[in-house]
Amino acid sequence: MKPTIQEVEAKSILTKSNLPVGDYSANPYTGCTHACKYCYAEFMKRFTNHAEPWGQFLDVKHWPAIKRPEKYRGKAIFIGSVTDPYNPQEEIYRRTRALLEQLSESGAKISIATKSDLVLRDLDLIKTFSDVRVSWSINTLDERFHQDMDHAVSIARRIKAMEIFHKEGIRTACFISPIFPGITEVKDIILRVQNCCNWIWLENLNLRGRYKAVITDYIREKYPRLIPLYQEIYTHKNRSYWEALDKDMRILANELRLEYVMNDDSMERESDAPPVIVNYFYHEQIKKSARKDAMYPASVNSAPAGTKRNGTSHA
């Protein structure tokens, strides 16, 4: 079924962030046609008039040109907190590229999160930013599992895009998220990407809202042997799985001679530096950083309010 797509007028594209994601977030779209079964951003439907399921609609934002972009000099701007800025429709509407063009002389610190290789189209423009980072979400090397979970491009294409950006001197990150207990091959992913990224972020699967039942039903159907484990983690709130994985990752980091830290995300890293492994398992321990360069990659931030072309209030 084709998604419902409409163009909307937004009052602005930059939203101040009071979460540990930096200073501003920017989402050139509302909704996302990657339709990830585990997407936390489904909460955005509370601010829209969409009856369609999450993943089946996309609002293409048009906003007034950013006035005085230089006022964002030194500010951290996260692009893609509740949408993928390089969903397939970006190839047509080019709203993310328009945003980057408007910020090109701003001196802002830019962080882009995606599951796509369409970002390669904008490599020339992204290279003009002196302080920029691009991350790709990869939570499996199994293309069958990936196809069960989302409609984004293949894992192989994501890793290839990461390799190209890394070779071009752009700082890159691999976001291993969400980690599905008993399914996500965390060690294998790290071994695969360690030479083409500067950060490896680890985030656990959180089950909440509507998609909790969706994922639980999927596990029951496809991985019934894991039901006791998921009940232990998500019903009985037992942390032992994550604690054991934390220990394993510390050992792996030591073997690979990589730095391993908790809840720390400074952008101050050379493009040729080996990756630092960052553990984000315990979200309740993440606090607003005193550093202005902190950008947490899985930000949950509301998109700017906008107005549909037909006059209906929209977010």
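This chain uses plain numbering: 1 for the first residue, then up along the sequence. Side chains included, hydrogens not; waters and symmetry mates left out as well; all remaining heavy atoms used.
- The salt bridge (Lys or Arg N to Asp or Glu O under 4.0 Å) test applied to K212 returns no partner, not counting sequence neighbours.
- I155 and L118 fall within a single hydrophobic cluster, where Ile, Leu, Val, Met, Phe, Trp and Tyr are joined by side-chain heavy atoms under 4.5 Å apart, directly or via other members.
- Under the rule for a ring-ring contact (aromatic ring centres under 6.0 Å, His included), the partners of Y234 that lie at least two apart in sequence or sit in another chain are Y230.
- Residues passing the side chain to side chain donor-acceptor pair (under 3.5 Å) test with T114, sequence neighbours excluded: D84.
- Side chains of N87 and Y29: no donor on one and acceptor on the other come within 3.5 Å.
- With sequence neighbours excluded, the residues that form a salt bridge (Lys or Arg N to Asp or Glu O under 4.0 Å) with E163 are R192.
- Side-chain contact between L100 and T128 is absent, with no heavy atoms from C-beta onward closer than 4.5 Å.
- Under the 4.5 Å side-chain heavy-atom criterion for grouping Ile, Leu, Val, Met, Phe, Trp and Tyr, Y38 is connected to I227 within one hydrophobic cluster.
- Between the side chains of T96 and D122, no donor N or O sits under 3.5 Å from an acceptor N or O.
- Separation of the F145 and F180 ring centroids falls under the 6.0 Å cut-off.
- Contact check for I170 versus F129: no side-chain heavy atoms found under the 4.5 Å cut-off.
- The pair E90-R121 meets the salt-bridge criterion, with a side-chain N (NZ, NE, NH1 or NH2) lying under 4.0 Å from an Asp/Glu carboxylate O.
- Expressed to the nearest 0.5 Å, how far CD1 of I179 lies from CG of L202 amounts to 5.0 Å.
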**Report entry** Stepwise side chain to side chain donor-acceptor pair (under 3.5 Å) check, D148 with Y218
**Finding:** CA-CA 9 Å; D148 283 347; Y218 173 82; 2.8 Å; yes
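- Using a cutoff of 4.0 Å between basic side-chain nitrogens and carboxylate oxygens, D248 and K187 are not scored as salt-bridged.
- Scanning both residues, P28 and L99, for their nearest heavy atoms gives CG-CD2, 4.2 Å.
- Annotation: side chain of P275 is not in contact with side chain of N198 (no heavy-atom distance under 4.5 Å).
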N/O donor-acceptor pairs under 3.5 Å from side chains in residues 64-72, not counting sequence neighbours:
none

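- Sorted by first and then second residue, the salt bridge (Lys or Arg N to Asp or Glu O under 4.0 Å) pairs involving residues 164-176 (not counting sequence neighbours) are K127-E168, D131-R171.
- Partners of A152 according to the side-chain contact (heavy atoms from CB on, under 4.5 Å) rule, which considers only residues two or more places apart in sequence or in another chain, are H34, K115, D150, R158.
- The salt bridge (Lys or Arg N to Asp or Glu O under 4.0 Å) search around R73 returns none, not counting sequence neighbours.
- In the model, D246 has a side-chain atom that pairs as donor or acceptor with a side-chain atom of Y260 under 3.5 Å.
- There is a path of hydrophobic side-chain contacts, each under 4.5 Å, that joins I190 to M262.
- Aromatic rings from W136 and F165 are positioned such that their centres are separated by under 6.0 Å.
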Query raised in the report: Between E185 and T140, does a side chain to side chain donor-acceptor pair (under 3.5 Å) hold up when you go through it step by step?
Result: CA-CA 6 Å; E185 325 92 307; T140 185; 3.2 Å; yes
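- Using modelled atom types and a 3.5 Å distance limit, the side chains of Q231 and H236 yield no donor-acceptor pair.
- For P3, the side-chain contact (heavy atoms from CB on, under 4.5 Å) partners at least two apart in sequence or on another chain are I5, T33, Q89.
- N195 meets the side chain to side chain donor-acceptor pair (under 3.5 Å) test with no other residue; sequence neighbours excluded.
- In this structure, the side chain to side chain donor-acceptor pair (under 3.5 Å) partners of E101, at least two apart in sequence or on a different chain, are R97.
- Applying the salt bridge (Lys or Arg N to Asp or Glu O under 4.0 Å) criterion to R144, with sequence neighbours excluded, gives D142.
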